[in-house]
Amino acid sequence: MSDEPQPQPQQPNRGWASGTPDAAGKAKKAKRPKRTGWRRLIPTWRIVLSTVVIGLLLIVGGFFLGYHLVKIPAANALATKQSNVYLYADGTVLARDGEVNRESVGLARISKDAQHAVLAAEDRDFYTESAIDPMAMVRAGWNTATGKGKQSGSTITQQYVKNYYLAQEQTVTRKVKEFFIAIKLDREKSKDEILEGYLNTSFFGRGAYGIQAAAQAYFGVDAKDLTAAQGAYLASLLNAPSQYDVVAHPENKPAAEARWNYVMNGMVDKGWLSASDRAAAKFPKPKQSTVSTNMSGQRGYVVNIVKKYLIENGIVDEEELGRGGYRITTTLQKDKQDAFVKAVDDKLMSQLDKKERTVDTYVRAGGASVDPKTGKVVAMYNGIDYVKQYTPNATRRDFQVGSTFKPFVFTSAVENHSETQSGQTINPNTRYDGTSERPVQGWAGGRYAPENEDQRDYGNVTVREATDKSINAVYAQMAVDVGSDKVMQTAIDLGLSKNTPELTPSPSIALGVATASPLDMAEAYATLANHGRHSTYTLVEKVMKDGKQEVELPERREHQAVSREAADTTTSVLRSVVQNGTASAAQAVGRPAAAKTGTAEEDTAAWFAGYTPDLATVVAVMGQDPKTAAHKSLYGAMGLPRINGGGAPAEIWSQYTRNALKGEPVTDFDLQLQAGADVTAPPSSDASDEPGDGDESGSGDPDTPSTGDEDGSGSDTPGDSGSSTPPGDSGGTESDPPSTGGGTPGSGGPSTEPGPTGGGDSGGDSGDDSSNGGTGPGGGDTDGAGGGDTDTGFPGVPVTPRRQ
């Protein structure tokens, strides 16, 4: 027998579960096969469990770490709130806005109704809930992320922490700190203490911090005397301090009332107010705001206009601005601002006798001056004194601009290569029939036959002559020839807001029924002066926070609004108005100028809009009853039969422009004209075409037509091949009554001149861009005649101003 080992019999394969004996004789466990395919993507239960456990440990550990690391800090700078400083462009101080308006009071000195109102508005479960509401925070974060607006999701405790201990920036770091401080504070202070702190640090608008200051600012009472209705109104303000101030923003009253109702109903739901008391409660009327004397003169106007500019352009948040600490350098130049004020005083205010002439008490003045090359507002005039007349006249949008709108019609004609009804290209030498009350041709809206100033007939005249004399009949026809919708768009392109009241596509658009502000018009005329390049006006050069942090400003943008040919040809025509027409007073400036005069319906406002190559300025003299806010005619003001654009407004413009540009080199216009516009056609030889006053007669009784065409010889002069179709065609028969559209503006409401925080949006500004009566304070003061919405007898055509 062999000693060699014999082969052993093979064991059958029992699959992967079978083991193989190791050296010690123990069976080895077979390896688990690797997972393949889609199974590799699914985590095992061990991975899931490990992840959950680690996550929980991290959250719990992070919570305890954050709780121990985040300390309750000292109070922030709110307790020593700073003023905002407004500077001229050269760095000199223009105004300081606001001292601390806060008086801290104990909870016992705040009425229970007011306390409950705030709880109903902000945190109804404050006394029973924890310091934080995680679900509300998640919900708020989701709403913010999905574009449903910013949501705080904060309890009153968190809001108090933000107000008293932290800054207002919306950052993750601040929210994390707020979270932990709120938890700690809830353990260290009672609910009453936290509520008291919250009521004393919250911002209520009108510069009021704390409920005591708010009670005085809005109702003239102490916090302990606030009723449920008053408390609910103040609680509503916490949601939107300035927007729910129904004195400053009467247009927002429905929203304010809705919020007030929500608060009152919440008080009933929580058992804090009986159903009978709720039913008897009425929405309270806040008192007019008051101002301190450091806002006197032009300062208060400027501060409020700049504030509105900063907020509406998203540069600074309203509440942050209210907290102070900002150093705001404006574009206003002190020498030009002073020159504007002096010119108004010299040429207008010093000529008034308010004791002897009631009409002189109606006189208001407004104006704005813009650098055409930069769009910077270098000077404004808003009124005699902010603490006496609150409405900012430079930005209000409630007086018709009159014939200062006519250049936009001609600009649109050149821009759109428009033709007359007979097919001739419109240029400065195109001839039109200037007969007063001549029905316009080609207008499908009905018979429209505007009268000229003092019903004067001019016969066959060129566009240049029609502009010199501001002939309504010519420009109404031109608006139809161009297309009134195109005219409206050109005005918007030049700088008027698309929300300008009464800016509608109809023939009357040419006569200036729109109610743009002086600042709007200055922006548009600056575009003409800048060869058709438009730059949205700016009021702010630089904004600093706490002396170090510079706030980012919107990027300045400029674009070609209309062609250079259209703008420059309009400038050429307006230079003729200065040399030969109603704007001749502008020659006193002693340098090349282009300008146009204008008058509102019933002589309630007189305008002068003009520019040199370096400065575009618009001046308006307006009539308004100081008690009723109604628009008033200025017949007899300054002891003159009437105030017209060629009078006081032109004289103010000339003195201001001369002094504002004193010492600067005289420059001429560099114009690129429409083909044929460089040649001036001979003037009309019609007997009625003697030198006259056009839209600004400046003499004679306002109810007596001026002489010059007593026999009416111009009315039957047919147009030549370049004129529009003579009157009588398709616009109604000779037996039709003349359609002059002479309506009377409304009264503007019975309210007295409002307080300083009034104002709709920019001007009625009511800005940009606002469409309300003012960009700053005094909205009620601008609710006078809207100018030009009286029914004319057919749709789509506003009332025609009689005085143009």
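These figures come from a predicted structure and were not determined experimentally.
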Side-chain touch Asp468/Val577, heavy atoms, less than 4.5 angstrom: yes
task: Check the pair Ser436, Glu451 against side-chain hydrogen bond (donor to acceptor under 3.5 Å, both in side chains), reporting the backbone distance first and the verdict last.
output: CA-CA 5 Å; Ser436 183; Glu451 67 178 64; 5.9 Å; no
task: Over all heavy atoms of both residues, which pair between Val578 and Ala593 is shortest? Give the atoms and the distance, please.
output: CG2-O, 3.7 Å
query: Strictly by modelled atom types, are Ser497 and Asp520 linked by a side-chain donor-acceptor pair under 3.5 Å?
result: no
task: State whether a side-chain donor-acceptor pair under 3.5 Å links Ser535 with Lys376.
output: no
field: Ala606 to Asn644 - nearest heavy-atom pair and separation
entry: CB-C, 3.5 Å
Backbone of Leu332 reached by a side-chain donor or acceptor of Thr330 within 3.5 Å: yes
field: N/O donor-acceptor pair under 3.5 Å between Thr430 side chain and Asn427 backbone
entry: yes
- prompt: Which heavy-atom pair separates Ala473 from Thr435 by the least distance, and what is that distance?
  reply: CB-O, 3.3 Å
message: Does any part of the side chain of Gln477, heavy atoms only, come nearer than 4.5 Å to the side chain of Arg438, both counted from C-beta?
response: yes
task: Could you pull out the closest heavy-atom pair between Val370 and Ala522, with the gap in Å?
output: CG2-CB, 3.9 Å
Full working for side-chain contact (heavy atoms from CB on, under 4.5 Å) between Tyr432 and Asp481: CA-CA 11 Å; Tyr432 275 92; Asp481 294 345; 2.6 Å; yes
- prompt: Going from CZ on Arg396 to OG1 on Thr391, what distance comes out if it is rounded to the nearest 0.5 angstrom?
  reply: 5.0 Å
- request: Would you please say whether a donor-acceptor pair under 3.5 Å links the side chains of Asn580 and Ser576?
  value: yes
field: Residue among Leu673, Leu671, Val409, Leu528 satisfying side chain to side chain contact (heavy atoms under 4.5 Å, CB included) with Thr570
entry: Leu528
field: Closest contact, heavy atoms only, Phe408 versus Ala524
entry: CZ-CB, 3.7 Å
task: Specify the closest pair of heavy atoms between Pro592 and Val666, including all atoms of both residues, with the distance to one decimal.
output: CD-CG1, 3.7 Å
- prompt: For the atom pair CG (Asp678) and OG (Ser572), what is the distance rounded to the nearest 0.5 Å?
  reply: 8.5 Å
message: With no hydrogens and no angle check, just 3.5 Å: does a side-chain donor-acceptor pair link His631 and Asp398?
response: yes
- request: List the steps and the verdict of side-chain contact (heavy atoms from CB on, under 4.5 Å) for His534 and Asp493.
  value: CA-CA 8 Å; His534 174 254; Asp493 292 341; over 6 Å; no
field: Charged N-O contact under 4.0 Å between Asp614 and Lys373
entry: yes
message: So, taking the atom named CD1 in Ile471 and the one named CD in Glu453, what distance separates them when rounded to the nearest 0.5 Å?
response: 11.5 Å
message: To the nearest 0.5 Å, what is the distance between CG on Asp670 and NE2 on His531?
response: 5.5 Å
- prompt: Does a donor on one side chain and an acceptor on the other come within less than 3.5 Å for Tyr381 and Ser369?
  reply: no
message: I want to check something: taking the side chain as every heavy atom from C-beta on, are Val93 and Leu87 in contact at a cut-off of under 4.5 Å?
response: yes
statement: Interatomic distance, CZ@Arg564 vs OG1@Thr569, rounded to 0.5 Å, equals 10.5 Å
query: Taking Asn452 for the side chain and Arg456 for the main chain, is one N or O donor matched with an acceptor at less than 3.5 Å?
result: yes
query: Does Arg464 use its side chain to pair, donor to acceptor, with the backbone of Ala677 at less than 3.5 Å?
result: yes
query: Taking atom types as modelled, is there a side-chain donor on Asp338 or Tyr88 under 3.5 Å from an acceptor on the other?
result: no
message: Using 0.5 Å steps for rounding, measure from the CE atom of Met349 to the CD1 atom of Ile652.
response: 7.5 Å
- prompt: Between Thr331 and Glu541, do the side chains contain an N or O donor and an N or O acceptor separated by less than 3.5 Å?
  reply: no
- prompt: So does Lys342 have more than 12 non-hydrogen atoms from other groups sitting under 6.0 Å from NZ?
  reply: no
message: With heavy-atom distances below 4.5 Å as the criterion, would you say the side chains of Trp607 and Gln400 are in contact?
response: no
query: Given side chains that start at C-beta, do those of Ser563 and Gln674 come closer than 4.5 Å, heavy atoms only?
result: no
message: If only side-chain N and O atoms count, and only distance matters, is there a donor-acceptor pair under 3.5 Å linking Asp568 with Thr571?
response: no
message: Any heavy-atom pair between the side chains of Leu496 and Met521 that's under 4.5 Å?
response: yes
query: Pick from Phe608, Phe340, Tyr611: which one makes a ring pair (Phe, Tyr, Trp, His ring centres under 6.0 Å) with Trp653?
result: Phe608
- request: Report yes or no: do Tyr475 and Thr467 form a side-chain donor-acceptor pair below 3.5 Å?
  value: yes
field: Heavy-atom side-chain contact between Ile305 and Asn382 under 4.5 Å
entry: yes
message: A side-chain contact here means heavy atoms from C-beta on lying under 4.5 Å apart; do Tyr309 and Tyr537 qualify?
response: yes
- prompt: Under 4.0 Å between a Lys/Arg side-chain N and an Asp/Glu carboxylate O for Arg642 and Asp454?
  reply: yes
